[in-house]
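Comments concern the structure below.
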Protein chains: 2
Amino acid sequence: MGPGPFAILGPLARFVTLPRDHLLIDEDAPAAAVWIVRRGVLRVQRYGADGRRQIMGLFLPGEVTEKLSTDRAGSCVETATAVELCRLDRRAFAEVLAREPGLRRALTQQRLARLGRMRWMIWALGALRPDERICAFLALATRFLPVQPLPDGTLALSVSLPRPDIADLLGTSAETYSRVTHRLQDAEVIEILDPEHFRIRSLDALIRKGCAEQAFWTLPFPDLGGAGMAFDTVVQPV
Amino acid sequence: MGPGPFAILGPLARFVTLPRDHLLIDEDAPAAAVWIVRRGVLRVQRYGADGRRQIMGLFLPGEVTEKLSTDRAGSCVETATAVELCRLDRRAFAEVLAREPGLRRALTQQRLARLGRMRWMIWALGALRPDERICAFLALATRFLPVQPLPDGTLALSVSLPRPDIADLLGTSAETYSRVTHRLQDAEVIEILDPEHFRIRSLDALIRKGCAEQAFWTLPFPDLGGAGMAFDTVVQPV
DNA sequence: CGCGTACTTGACGCTAGTCAAGAATCGTGG
DNA sequence: CCACGATTCTTGACTAGCGTCAAGTACGCG
(Lines give C-alpha, C1' and ligand atoms only; values in the text may rest on other atoms or scores of the structure.)
Protein backbone atom coordinates (compact mmCIF):
# COMPACT_ATOMS: atom_id res chain seq x y z
CA MET A 1 0.00 0.00 0.00
CA GLY A 2 2.83 2.39 0.72
CA PRO A 3 2.17 5.32 3.02
CA GLY A 4 -1.51 5.96 2.40
CA PRO A 5 -4.17 7.46 4.62
CA PHE A 6 -4.08 4.34 6.76
CA ALA A 7 -0.49 4.77 7.82
CA ILE A 8 -1.73 6.65 10.87
CA LEU A 9 -3.18 3.43 12.19
CA GLY A 10 0.30 2.01 12.57
CA PRO A 11 0.51 1.74 16.37
CA LEU A 12 -2.93 0.14 16.63
CA ALA A 13 -2.49 -2.40 13.90
CA ARG A 14 -1.74 -6.08 14.22
CA PHE A 15 -0.43 -7.69 11.11
CA VAL A 16 -1.52 -11.12 10.01
CA THR A 17 -0.94 -13.40 7.09
CA LEU A 18 -3.54 -15.98 6.22
CA PRO A 19 -3.82 -18.78 3.68
CA ARG A 20 -6.58 -18.69 1.14
CA ASP A 21 -10.14 -19.94 1.75
CA HIS A 22 -10.05 -18.68 5.29
CA LEU A 23 -13.27 -17.35 6.80
CA LEU A 24 -12.84 -13.78 8.00
CA ILE A 25 -16.30 -12.39 8.66
CA ASP A 26 -19.18 -14.69 9.33
CA GLU A 27 -22.68 -14.43 7.94
CA ASP A 28 -24.43 -12.57 10.66
CA ALA A 29 -21.91 -11.89 13.39
CA PRO A 30 -21.51 -8.15 13.83
CA ALA A 31 -17.78 -8.53 13.11
CA ALA A 32 -15.64 -7.66 16.13
CA ALA A 33 -12.69 -6.68 13.95
CA VAL A 34 -11.99 -4.55 10.92
CA TRP A 35 -9.47 -5.76 8.38
CA ILE A 36 -7.30 -3.75 6.06
CA VAL A 37 -6.02 -5.61 3.04
CA ARG A 38 -2.30 -5.12 2.45
CA ARG A 39 -1.75 -7.83 -0.09
CA GLY A 40 -3.99 -10.39 -1.78
CA VAL A 41 -7.74 -10.37 -2.31
CA LEU A 42 -10.79 -11.02 -0.15
CA ARG A 43 -14.12 -12.17 -1.54
CA VAL A 44 -17.64 -11.34 -0.41
CA GLN A 45 -19.81 -14.33 -1.11
CA ARG A 46 -23.13 -15.92 -0.43
CA TYR A 47 -24.98 -19.01 -1.48
CA GLY A 48 -28.01 -18.58 -3.70
CA ALA A 49 -31.30 -20.39 -3.27
CA ASP A 50 -30.14 -23.00 -5.79
CA GLY A 51 -27.05 -23.79 -3.74
CA ARG A 52 -24.76 -22.06 -6.19
CA ARG A 53 -22.16 -19.73 -4.74
CA GLN A 54 -22.09 -16.14 -5.89
CA ILE A 55 -19.15 -13.86 -5.31
CA MET A 56 -20.65 -10.43 -4.93
CA GLY A 57 -17.49 -8.41 -4.77
CA LEU A 58 -13.85 -8.24 -3.80
CA PHE A 59 -11.78 -6.36 -1.27
CA LEU A 60 -8.55 -5.24 -2.87
CA PRO A 61 -5.24 -4.12 -1.35
CA GLY A 62 -5.71 -0.85 0.46
CA GLU A 63 -9.37 -1.46 1.20
CA VAL A 64 -11.09 -1.88 4.53
CA THR A 65 -13.62 -4.62 5.15
CA GLU A 66 -17.07 -3.33 5.83
CA LYS A 67 -20.50 -4.72 5.56
CA LEU A 68 -22.33 -2.42 3.23
CA SER A 69 -25.98 -2.10 4.08
CA THR A 70 -26.66 -3.23 0.52
CA ASP A 71 -25.16 -6.63 1.25
CA ARG A 72 -28.11 -8.81 1.98
CA ALA A 73 -27.88 -11.03 5.02
CA GLY A 74 -26.22 -14.36 4.52
CA SER A 75 -23.03 -13.06 2.97
CA CYS A 76 -19.60 -13.65 4.43
CA VAL A 77 -16.07 -12.55 3.72
CA GLU A 78 -13.26 -15.02 3.03
CA THR A 79 -9.74 -14.86 1.71
CA ALA A 80 -9.57 -15.57 -2.00
CA THR A 81 -5.79 -15.74 -2.11
CA ALA A 82 -3.08 -15.88 0.49
CA VAL A 83 -3.32 -12.47 2.11
CA GLU A 84 -1.45 -10.11 4.32
CA LEU A 85 -3.92 -8.23 6.46
CA CYS A 86 -3.91 -5.74 9.21
CA ARG A 87 -6.34 -6.34 12.03
CA LEU A 88 -7.98 -3.57 13.98
CA ASP A 89 -10.31 -3.74 16.88
CA ARG A 90 -13.68 -2.46 15.76
CA ARG A 91 -13.88 -0.02 18.65
CA ALA A 92 -10.36 1.32 18.20
CA PHE A 93 -11.03 1.80 14.51
CA ALA A 94 -14.22 3.74 15.25
CA GLU A 95 -12.30 6.02 17.60
CA VAL A 96 -9.55 6.79 15.12
CA LEU A 97 -12.22 7.29 12.51
CA ALA A 98 -13.92 9.89 14.68
CA ARG A 99 -10.65 11.77 15.18
CA GLU A 100 -9.39 11.71 11.62
CA PRO A 101 -11.49 13.39 8.98
CA GLY A 102 -9.01 12.33 6.30
CA LEU A 103 -9.62 8.71 7.16
CA ARG A 104 -13.37 9.16 7.02
CA ARG A 105 -13.03 10.75 3.62
CA ALA A 106 -10.88 7.90 2.36
CA LEU A 107 -13.40 5.40 3.65
CA THR A 108 -16.28 7.14 1.90
CA GLN A 109 -14.21 7.10 -1.25
CA GLN A 110 -13.80 3.36 -0.91
CA ARG A 111 -17.47 2.77 -0.41
CA LEU A 112 -18.19 4.72 -3.54
CA ALA A 113 -15.63 2.68 -5.42
CA ARG A 114 -17.11 -0.62 -4.27
CA LEU A 115 -20.60 0.50 -5.14
CA GLY A 116 -19.42 1.54 -8.58
CA ARG A 117 -17.85 -1.83 -9.19
CA MET A 118 -20.95 -3.59 -7.93
CA ARG A 119 -23.14 -1.62 -10.28
CA TRP A 120 -20.90 -2.59 -13.16
CA MET A 121 -21.03 -6.27 -12.14
CA ILE A 122 -24.81 -6.23 -12.07
CA TRP A 123 -24.92 -4.62 -15.46
CA ALA A 124 -22.37 -7.00 -16.93
CA LEU A 125 -24.16 -10.01 -15.50
CA GLY A 126 -27.34 -8.97 -17.22
CA ALA A 127 -26.05 -7.49 -20.45
CA LEU A 128 -22.93 -9.47 -21.39
CA ARG A 129 -22.39 -13.08 -22.28
CA PRO A 130 -19.92 -15.17 -20.29
CA ASP A 131 -17.09 -14.80 -22.81
CA GLU A 132 -17.59 -11.05 -22.97
CA ARG A 133 -17.58 -10.82 -19.20
CA ILE A 134 -14.30 -12.69 -19.09
CA CYS A 135 -12.75 -10.26 -21.57
CA ALA A 136 -14.00 -7.32 -19.54
CA PHE A 137 -12.67 -8.91 -16.38
CA LEU A 138 -9.20 -9.35 -17.84
CA ALA A 139 -9.19 -5.80 -19.14
CA LEU A 140 -10.31 -4.37 -15.81
CA ALA A 141 -7.95 -6.65 -13.93
CA THR A 142 -5.04 -4.62 -15.31
CA ARG A 143 -6.41 -1.80 -13.19
CA PHE A 144 -6.66 -3.64 -9.90
CA LEU A 145 -4.41 -6.69 -10.02
CA PRO A 146 -0.61 -6.66 -10.16
CA VAL A 147 0.78 -5.85 -13.60
CA GLN A 148 4.27 -5.45 -14.94
CA PRO A 149 5.32 -3.83 -18.20
CA LEU A 150 7.40 -6.24 -20.27
CA PRO A 151 10.46 -5.29 -22.35
CA ASP A 152 8.45 -5.47 -25.59
CA GLY A 153 5.94 -2.93 -24.34
CA THR A 154 3.13 -5.38 -23.63
CA LEU A 155 1.73 -6.00 -20.19
CA ALA A 156 2.07 -8.98 -17.87
CA LEU A 157 -0.98 -9.53 -15.68
CA SER A 158 -1.01 -11.64 -12.55
CA VAL A 159 -4.39 -13.17 -11.77
CA SER A 160 -3.84 -14.97 -8.53
CA LEU A 161 -7.49 -15.77 -7.88
CA PRO A 162 -8.30 -19.45 -8.22
CA ARG A 163 -10.45 -20.48 -11.20
CA PRO A 164 -13.64 -21.26 -9.26
CA ASP A 165 -13.56 -17.82 -7.66
CA ILE A 166 -13.27 -16.04 -10.99
CA ALA A 167 -16.05 -18.23 -12.35
CA ASP A 168 -18.41 -17.50 -9.47
CA LEU A 169 -17.59 -13.82 -9.64
CA LEU A 170 -18.43 -13.69 -13.34
CA GLY A 171 -21.42 -15.99 -13.11
CA THR A 172 -19.93 -18.70 -15.29
CA SER A 173 -17.98 -21.93 -14.80
CA ALA A 174 -14.28 -22.56 -14.35
CA GLU A 175 -14.34 -24.64 -17.52
CA THR A 176 -15.71 -21.78 -19.57
CA TYR A 177 -13.08 -19.44 -18.16
CA SER A 178 -10.40 -21.89 -19.18
CA ARG A 179 -11.83 -22.35 -22.66
CA VAL A 180 -12.26 -18.64 -23.26
CA THR A 181 -8.76 -17.73 -22.16
CA HIS A 182 -7.32 -20.38 -24.45
CA ARG A 183 -9.51 -19.16 -27.30
CA LEU A 184 -8.17 -15.66 -26.64
CA GLN A 185 -4.68 -17.07 -26.86
CA ASP A 186 -5.48 -18.60 -30.25
CA ALA A 187 -6.78 -15.23 -31.37
CA GLU A 188 -3.46 -13.73 -30.24
CA VAL A 189 -5.20 -11.37 -27.86
CA ILE A 190 -3.39 -12.73 -24.84
CA GLU A 191 -0.65 -15.22 -24.18
CA ILE A 192 -0.88 -17.64 -21.29
CA LEU A 193 2.44 -17.67 -19.47
CA ASP A 194 1.12 -20.02 -16.83
CA PRO A 195 -2.37 -20.51 -15.37
CA GLU A 196 -2.07 -17.38 -13.25
CA HIS A 197 -0.07 -15.13 -15.55
CA PHE A 198 -1.08 -13.64 -18.87
CA ARG A 199 0.70 -11.43 -21.33
CA ILE A 200 -1.82 -8.92 -22.66
CA ARG A 201 -1.05 -8.53 -26.36
CA SER A 202 -4.06 -6.39 -27.15
CA LEU A 203 -5.75 -4.64 -24.28
CA ASP A 204 -7.91 -2.90 -26.86
CA ALA A 205 -9.34 -6.15 -28.13
CA LEU A 206 -10.21 -7.20 -24.58
CA ILE A 207 -11.91 -3.89 -23.87
CA ARG A 208 -13.84 -4.03 -27.12
CA LYS A 209 -15.02 -7.60 -26.67
CA GLY A 210 -15.99 -6.83 -23.09
CA CYS A 211 -17.88 -3.64 -23.99
CA ALA A 212 -15.81 -2.03 -21.27
CA GLU A 213 -14.76 1.24 -22.93
CA GLN A 214 -16.58 3.26 -20.36
CA ALA A 215 -15.92 1.07 -17.38
CA PHE A 216 -12.20 0.86 -18.04
CA TRP A 217 -11.68 4.58 -17.74
CA THR A 218 -14.24 5.52 -15.15
CA LEU A 219 -14.57 2.60 -12.75
CA PRO A 220 -12.87 3.41 -9.46
CA PHE A 221 -10.21 1.04 -8.16
CA PRO A 222 -7.76 1.46 -5.32
CA ASP A 223 -4.31 2.64 -6.33
CA LEU A 224 -1.93 -0.15 -7.13
CA GLY A 225 0.59 1.04 -4.59
CA GLY A 226 2.77 -2.00 -4.73
CA ALA A 227 2.03 -2.91 -8.33
CA GLY A 228 4.18 -5.71 -9.56
CA MET A 229 5.04 -7.16 -6.20
CA ALA A 230 3.38 -10.45 -7.02
CA PHE A 231 5.89 -10.82 -9.83
CA ASP A 232 8.98 -10.96 -7.70
CA THR A 233 9.27 -14.68 -7.99
CA VAL A 234 7.40 -15.47 -11.15
CA VAL A 235 7.91 -13.18 -14.07
CA GLN A 236 11.29 -11.70 -13.27
CA PRO A 237 13.27 -14.53 -14.87
CA VAL A 238 11.44 -14.10 -18.21
CA MET B 1 -60.39 4.62 -14.47
CA GLY B 2 -63.54 5.68 -12.76
CA PRO B 3 -63.53 8.92 -10.77
CA GLY B 4 -59.88 9.09 -9.68
CA PRO B 5 -57.64 12.05 -8.93
CA PHE B 6 -57.56 12.87 -12.62
CA ALA B 7 -61.25 13.52 -12.88
CA ILE B 8 -60.56 17.15 -12.12
CA LEU B 9 -58.86 17.46 -15.47
CA GLY B 10 -62.17 16.87 -17.19
CA PRO B 11 -62.71 20.26 -18.76
CA LEU B 12 -59.15 20.42 -20.12
CA ALA B 13 -59.03 16.96 -21.56
CA ARG B 14 -59.43 15.91 -25.16
CA PHE B 15 -60.24 12.27 -25.66
CA VAL B 16 -58.65 10.23 -28.40
CA THR B 17 -58.68 6.65 -29.56
CA LEU B 18 -55.72 5.29 -31.45
CA PRO B 19 -54.91 1.98 -33.15
CA ARG B 20 -51.95 0.00 -31.96
CA ASP B 21 -48.33 0.62 -33.06
CA HIS B 22 -48.91 4.34 -33.15
CA LEU B 23 -45.99 6.62 -32.21
CA LEU B 24 -46.93 8.89 -29.32
CA ILE B 25 -43.74 10.45 -28.00
CA ASP B 26 -40.67 10.66 -30.18
CA GLU B 27 -37.12 9.87 -29.16
CA ASP B 28 -35.86 13.27 -28.22
CA ALA B 29 -38.67 15.73 -28.74
CA PRO B 30 -39.53 17.37 -25.40
CA ALA B 31 -43.10 16.10 -25.82
CA ALA B 32 -45.64 18.91 -26.24
CA ALA B 33 -48.45 16.85 -24.80
CA VAL B 34 -49.11 14.66 -21.81
CA TRP B 35 -51.24 11.57 -22.22
CA ILE B 36 -53.41 9.82 -19.72
CA VAL B 37 -54.16 6.20 -20.47
CA ARG B 38 -57.83 5.33 -20.09
CA ARG B 39 -57.83 1.98 -21.77
CA GLY B 40 -55.19 -0.18 -23.41
CA VAL B 41 -51.42 -0.19 -22.92
CA LEU B 42 -48.52 1.99 -24.05
CA ARG B 43 -44.98 0.72 -24.37
CA VAL B 44 -41.68 2.51 -23.73
CA GLN B 45 -39.16 1.12 -26.13
CA ARG B 46 -35.74 1.64 -27.58
CA TYR B 47 -33.46 -0.14 -29.96
CA GLY B 48 -30.31 -1.70 -28.53
CA ALA B 49 -26.89 -1.48 -30.13
CA ASP B 50 -27.50 -4.84 -31.80
CA GLY B 51 -30.66 -3.61 -33.49
CA ARG B 52 -32.89 -5.59 -31.17
CA ARG B 53 -35.85 -3.80 -29.71
CA GLN B 54 -36.24 -3.66 -25.96
CA ILE B 55 -39.45 -2.72 -24.24
CA MET B 56 -38.40 -1.00 -21.07
CA GLY B 57 -41.78 -0.54 -19.48
CA LEU B 58 -45.49 -0.09 -19.93
CA PHE B 59 -47.99 2.66 -19.23
CA LEU B 60 -51.16 1.12 -17.86
CA PRO B 61 -54.70 2.49 -17.61
CA GLY B 62 -54.79 5.37 -15.17
CA GLU B 63 -51.16 6.34 -15.70
CA VAL B 64 -49.74 9.53 -17.12
CA THR B 65 -46.97 9.48 -19.72
CA GLU B 66 -43.75 10.99 -18.49
CA LYS B 67 -40.17 10.69 -19.45
CA LEU B 68 -38.41 9.56 -16.35
CA SER B 69 -34.93 10.94 -16.09
CA THR B 70 -33.78 7.34 -15.83
CA ASP B 71 -34.94 6.63 -19.36
CA ARG B 72 -31.85 6.93 -21.43
CA ALA B 73 -32.12 8.99 -24.59
CA GLY B 74 -33.33 7.15 -27.65
CA SER B 75 -36.47 5.76 -26.13
CA CYS B 76 -39.92 6.49 -27.46
CA VAL B 77 -43.49 5.74 -26.42
CA GLU B 78 -45.92 3.90 -28.69
CA THR B 79 -49.30 2.28 -28.35
CA ALA B 80 -49.02 -1.45 -27.73
CA THR B 81 -52.75 -2.12 -28.12
CA ALA B 82 -55.65 -0.08 -29.40
CA VAL B 83 -55.96 2.62 -26.78
CA GLU B 84 -58.28 5.26 -25.48
CA LEU B 85 -56.27 8.21 -24.29
CA CYS B 86 -56.84 11.64 -22.93
CA ARG B 87 -54.60 14.34 -24.30
CA LEU B 88 -53.49 17.34 -22.27
CA ASP B 89 -51.41 20.30 -23.27
CA ARG B 90 -48.13 20.11 -21.41
CA ARG B 91 -48.48 23.65 -20.14
CA ALA B 92 -52.07 23.28 -19.04
CA PHE B 93 -51.11 20.08 -17.22
CA ALA B 94 -48.25 21.81 -15.45
CA GLU B 95 -50.61 24.55 -14.27
CA VAL B 96 -53.18 22.17 -12.90
CA LEU B 97 -50.38 20.22 -11.30
CA ALA B 98 -49.19 23.35 -9.51
CA ARG B 99 -52.68 24.02 -8.18
CA GLU B 100 -53.57 20.54 -7.09
CA PRO B 101 -51.43 18.92 -4.43
CA GLY B 102 -53.53 15.76 -4.66
CA LEU B 103 -52.60 15.39 -8.28
CA ARG B 104 -48.94 15.86 -7.55
CA ARG B 105 -49.14 13.21 -4.89
CA ALA B 106 -50.83 10.80 -7.27
CA LEU B 107 -48.15 11.46 -9.86
CA THR B 108 -45.36 10.79 -7.42
CA GLN B 109 -47.13 7.60 -6.50
CA GLN B 110 -47.14 6.58 -10.14
CA ARG B 111 -43.46 7.29 -10.60
CA LEU B 112 -42.71 5.14 -7.61
CA ALA B 113 -44.84 2.38 -9.07
CA ARG B 114 -43.10 2.50 -12.43
CA LEU B 115 -39.68 2.53 -10.81
CA GLY B 116 -40.64 -0.46 -8.73
CA ARG B 117 -41.76 -2.38 -11.77
CA MET B 118 -38.60 -1.42 -13.63
CA ARG B 119 -36.44 -2.64 -10.79
CA TRP B 120 -38.27 -5.92 -10.86
CA MET B 121 -37.81 -6.23 -14.63
CA ILE B 122 -34.09 -5.63 -14.36
CA TRP B 123 -33.83 -8.22 -11.65
CA ALA B 124 -35.95 -10.74 -13.53
CA LEU B 125 -33.98 -10.22 -16.70
CA GLY B 126 -30.78 -11.01 -14.88
CA ALA B 127 -31.91 -13.70 -12.48
CA LEU B 128 -34.68 -15.65 -14.21
CA ARG B 129 -34.72 -17.80 -17.31
CA PRO B 130 -37.11 -16.98 -20.13
CA ASP B 131 -39.70 -19.57 -19.15
CA GLU B 132 -39.63 -18.37 -15.54
CA ARG B 133 -40.04 -14.78 -16.64
CA ILE B 134 -43.07 -15.77 -18.68
CA CYS B 135 -44.64 -17.45 -15.67
CA ALA B 136 -43.96 -14.40 -13.54
CA PHE B 137 -45.38 -12.16 -16.24
CA LEU B 138 -48.62 -14.13 -16.40
CA ALA B 139 -48.92 -14.12 -12.64
CA LEU B 140 -48.31 -10.39 -12.39
CA ALA B 141 -50.56 -9.72 -15.37
CA THR B 142 -53.51 -10.71 -13.20
CA ARG B 143 -52.68 -7.61 -11.20
CA PHE B 144 -52.54 -5.11 -14.07
CA LEU B 145 -54.41 -6.56 -17.04
CA PRO B 146 -58.15 -7.18 -17.25
CA VAL B 147 -59.28 -10.28 -15.38
CA GLN B 148 -62.64 -11.84 -14.80
CA PRO B 149 -63.57 -14.45 -12.24
CA LEU B 150 -65.15 -17.46 -13.92
CA PRO B 151 -68.09 -19.46 -12.56
CA ASP B 152 -65.79 -22.29 -11.44
CA GLY B 153 -63.72 -19.96 -9.29
CA THR B 154 -60.71 -19.76 -11.60
CA LEU B 155 -59.59 -16.57 -13.27
CA ALA B 156 -59.80 -15.48 -16.90
CA LEU B 157 -56.93 -13.23 -17.96
CA SER B 158 -56.97 -11.02 -21.03
CA VAL B 159 -53.50 -10.39 -22.46
CA SER B 160 -54.15 -8.04 -25.32
CA LEU B 161 -50.50 -7.25 -26.02
CA PRO B 162 -49.24 -8.73 -29.28
CA ARG B 163 -46.72 -11.58 -29.01
CA PRO B 164 -43.67 -9.62 -30.20
CA ASP B 165 -44.29 -6.97 -27.55
CA ILE B 166 -44.48 -9.49 -24.75
CA ALA B 167 -41.35 -11.14 -26.09
CA ASP B 168 -39.35 -7.91 -26.24
CA LEU B 169 -40.60 -6.93 -22.80
CA LEU B 170 -39.43 -10.21 -21.32
CA GLY B 171 -36.21 -10.38 -23.30
CA THR B 172 -37.17 -13.52 -25.17
CA SER B 173 -38.77 -14.44 -28.50
CA ALA B 174 -42.39 -14.72 -29.53
CA GLU B 175 -41.79 -18.36 -30.36
CA THR B 176 -40.57 -19.13 -26.87
CA TYR B 177 -43.57 -17.36 -25.37
CA SER B 178 -45.84 -19.50 -27.49
CA ARG B 179 -44.04 -22.70 -26.61
CA VAL B 180 -44.00 -21.94 -22.90
CA THR B 181 -47.69 -21.07 -22.71
CA HIS B 182 -48.56 -24.30 -24.49
CA ARG B 183 -46.28 -26.22 -22.19
CA LEU B 184 -48.07 -24.60 -19.25
CA GLN B 185 -51.34 -25.75 -20.75
CA ASP B 186 -50.04 -29.32 -20.94
CA ALA B 187 -49.05 -29.04 -17.29
CA GLU B 188 -52.61 -27.90 -16.56
CA VAL B 189 -51.40 -24.66 -15.04
CA ILE B 190 -53.32 -22.55 -17.51
CA GLU B 191 -55.81 -23.13 -20.28
CA ILE B 192 -55.56 -21.25 -23.54
CA LEU B 193 -59.02 -19.99 -24.47
CA ASP B 194 -57.68 -18.16 -27.49
CA PRO B 195 -54.31 -16.52 -28.19
CA GLU B 196 -55.17 -13.51 -26.03
CA HIS B 197 -57.19 -15.15 -23.28
CA PHE B 198 -56.06 -17.60 -20.66
CA ARG B 199 -57.82 -19.35 -17.88
CA ILE B 200 -55.51 -19.42 -14.87
CA ARG B 201 -55.95 -22.81 -13.28
CA SER B 202 -53.15 -22.44 -10.76
CA LEU B 203 -51.96 -18.96 -10.01
CA ASP B 204 -49.79 -20.48 -7.31
CA ALA B 205 -47.88 -22.59 -9.79
CA LEU B 206 -47.21 -19.53 -11.94
CA ILE B 207 -45.99 -17.52 -8.98
CA ARG B 208 -43.77 -20.36 -7.82
CA LYS B 209 -42.21 -20.98 -11.22
CA GLY B 210 -41.68 -17.26 -11.68
CA CYS B 211 -40.09 -16.77 -8.24
CA ALA B 212 -42.60 -13.95 -7.86
CA GLU B 213 -43.86 -14.52 -4.31
CA GLN B 214 -42.54 -11.21 -3.17
CA ALA B 215 -43.23 -9.25 -6.34
CA PHE B 216 -46.81 -10.44 -6.60
CA TRP B 217 -47.78 -8.96 -3.27
CA THR B 218 -45.61 -5.89 -3.09
CA LEU B 219 -45.17 -4.61 -6.63
CA PRO B 220 -47.25 -1.49 -7.14
CA PHE B 221 -49.73 -1.43 -10.02
CA PRO B 222 -52.47 1.04 -10.80
CA ASP B 223 -55.93 0.08 -9.62
CA LEU B 224 -57.88 -1.96 -12.10
CA GLY B 225 -60.76 0.47 -12.02
CA GLY B 226 -62.52 -0.92 -15.05
CA ALA B 227 -61.40 -4.49 -14.57
CA GLY B 228 -63.12 -6.82 -16.94
CA MET B 229 -64.01 -4.24 -19.52
CA ALA B 230 -61.90 -5.93 -22.16
CA PHE B 231 -64.06 -8.99 -21.69
CA ASP B 232 -67.32 -7.41 -22.79
CA THR B 233 -67.10 -8.96 -26.22
CA VAL B 234 -64.87 -11.93 -25.70
CA VAL B 235 -65.35 -13.97 -22.59
CA GLN B 236 -68.94 -13.19 -21.74
CA PRO B 237 -70.38 -15.90 -24.01
CA VAL B 238 -68.29 -18.59 -22.32
C1' DC C 1 -63.74 -16.55 -51.20
C1' DG C 2 -59.13 -15.14 -51.14
C1' DC C 3 -55.74 -12.42 -48.89
C1' DG C 4 -53.10 -10.60 -45.04
C1' DT C 5 -51.88 -10.82 -40.42
C1' DA C 6 -50.86 -13.10 -36.31
C1' DC C 7 -49.86 -17.13 -34.05
C1' DT C 8 -48.02 -21.94 -33.89
C1' DT C 9 -44.98 -25.67 -34.78
C1' DG C 10 -40.91 -28.04 -36.40
C1' DA C 11 -36.04 -28.21 -37.62
C1' DC C 12 -31.61 -26.68 -36.75
C1' DG C 13 -27.59 -24.61 -34.62
C1' DC C 14 -25.15 -22.21 -31.14
C1' DT C 15 -23.88 -21.22 -26.46
C1' DA C 16 -22.59 -22.61 -22.27
C1' DG C 17 -23.17 -25.66 -18.25
C1' DT C 18 -22.10 -30.39 -16.30
C1' DC C 19 -19.64 -34.53 -15.83
C1' DA C 20 -15.65 -37.07 -16.22
C1' DA C 21 -11.24 -38.13 -17.65
C1' DG C 22 -6.58 -36.51 -18.50
C1' DA C 23 -2.33 -33.35 -17.60
C1' DA C 24 0.39 -30.30 -14.90
C1' DT C 25 2.00 -28.60 -10.63
C1' DC C 26 3.20 -28.58 -5.84
C1' DG C 27 4.19 -30.25 -1.39
C1' DT C 28 5.36 -34.06 1.54
C1' DG C 29 7.61 -37.97 3.22
C1' DG C 30 10.62 -41.69 2.49
C1' DC D 1 16.51 -36.47 -4.67
C1' DC D 2 12.79 -38.93 -6.17
C1' DA D 3 8.22 -40.81 -5.92
C1' DC D 4 3.62 -40.35 -4.61
C1' DG D 5 -0.64 -38.16 -3.66
C1' DA D 6 -3.40 -34.06 -3.59
C1' DT D 7 -4.81 -30.19 -5.80
C1' DT D 8 -5.68 -27.40 -9.74
C1' DC D 9 -6.23 -26.64 -14.34
C1' DT D 10 -7.41 -28.33 -18.99
C1' DT D 11 -9.88 -30.86 -22.42
C1' DG D 12 -13.46 -33.64 -24.49
C1' DA D 13 -18.19 -35.49 -24.67
C1' DC D 14 -22.68 -34.74 -23.85
C1' DT D 15 -26.90 -32.12 -23.04
C1' DA D 16 -30.42 -28.49 -22.05
C1' DG D 17 -32.10 -24.24 -23.29
C1' DC D 18 -33.28 -21.05 -26.39
C1' DG D 19 -32.89 -18.13 -30.48
C1' DT D 20 -33.62 -18.12 -35.55
C1' DC D 21 -35.54 -19.47 -39.83
C1' DA D 22 -39.13 -21.29 -42.34
C1' DA D 23 -43.22 -23.62 -43.14
C1' DG D 24 -47.66 -24.40 -41.61
C1' DT D 25 -52.49 -22.98 -39.56
C1' DA D 26 -56.23 -20.05 -37.91
C1' DC D 27 -58.69 -16.02 -38.00
C1' DG D 28 -60.69 -11.69 -39.58
C1' DC D 29 -61.69 -8.51 -43.23
C1' DG D 30 -62.76 -6.75 -47.52
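The shown structure was predicted, so the numbers you read here are calculated from the model rather than taken from an experiment. Letters go in sequence order (proteins before strands), and every chain restarts at 1. Below, each value reflects all heavy atoms present in this structure, side chains not excepted, and no hydrogens, waters or symmetry copies.
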* Structure fact -> Closest to the 5' end of DNA chain C, once A:Pro195 and A:Gly171 are matched to their nearest nucleotides, is A:Gly171
* Should A:Ser173 be listed as having a side-chain N or O under 4.0 Å from OP1 or OP2 of C:dT18? -> no
* Under the 3.5 Å rule, do the base of D:dC9 and the side chain of A:Glu175 count as making a donor-acceptor pair? -> no
* Asked: Rounded to the nearest 0.5 Å, how far does CH2 of A:Trp123 lie from CZ of A:Arg133?
  -> 10.5 Å
* Structure fact -> Between CZ of B:Arg179 and P of D:dC21 the distance, given in whole Å, is 13 Å
* Asked: Rounded to whole angstroms, how far apart are CG on A:Asp194 and C1' on C:dC26?
  -> 13 Å
* Mind checking B:Arg52 for me? I need base, sugar-phosphate or nothing, with any heavy atom below 4.0 Å counting as a touch. => sugar-phosphate
* Asked: Should the pair A:Asp152-A:Arg201 be classified as a salt bridge under the 4.0 Å nitrogen-to-oxygen rule?
  -> no
* Provide, to the nearest angstrom, the distance between the CZ atom belonging to B:Arg20 and the P atom belonging to C:dC7. => 7 Å
* **A:Leu169 CG to A:Gln45 CD distance, which is reported to the nearest 0.5 Å** => 11.0 Å
* Structure fact -> Here the distance between atom C1' of C:dT5 and atom CD of B:Glu196, to the nearest Å, is 13 Å
* To do: Could you grab the distance from atom CZ of B:Arg117 to atom CG of B:Leu219, nearest 0.5 Å is fine?
  => 8.5 Å
* How many Å lie between CG on B:Leu170 and P on D:dC18, as a whole number? -> 12 Å
* Find the distance A:Ile134:CD1 to C:dT15:P and express it as a whole number of Å. => 14 Å
* **Most 5' of A:Arg183 and B:Pro162 on DNA chain C, judged by nearest nucleotide** => B:Pro162
* Which part of the nucleic acid, if any, lies within reach of B:Arg129 when heavy atoms closer than 4.0 Å are counted: base, sugar-phosphate only, or nothing? -> sugar-phosphate
* Asked: Counting just side-chain N and O atoms, does B:Thr176 come under 4.0 Å of either OP1 or OP2 of D:dG19?
  -> yes
* Value in whole Å for how far the P atom of C:dA6 lies from CZ of B:Arg163 -> 12 Å
* Structure fact -> Here the distance between atom P of D:dA16 and atom CG of B:Asp131, to the nearest Å, is 14 Å
* **Ion pair A:Asp21/A:Arg43, N-O distance below 4.0 Å** => yes
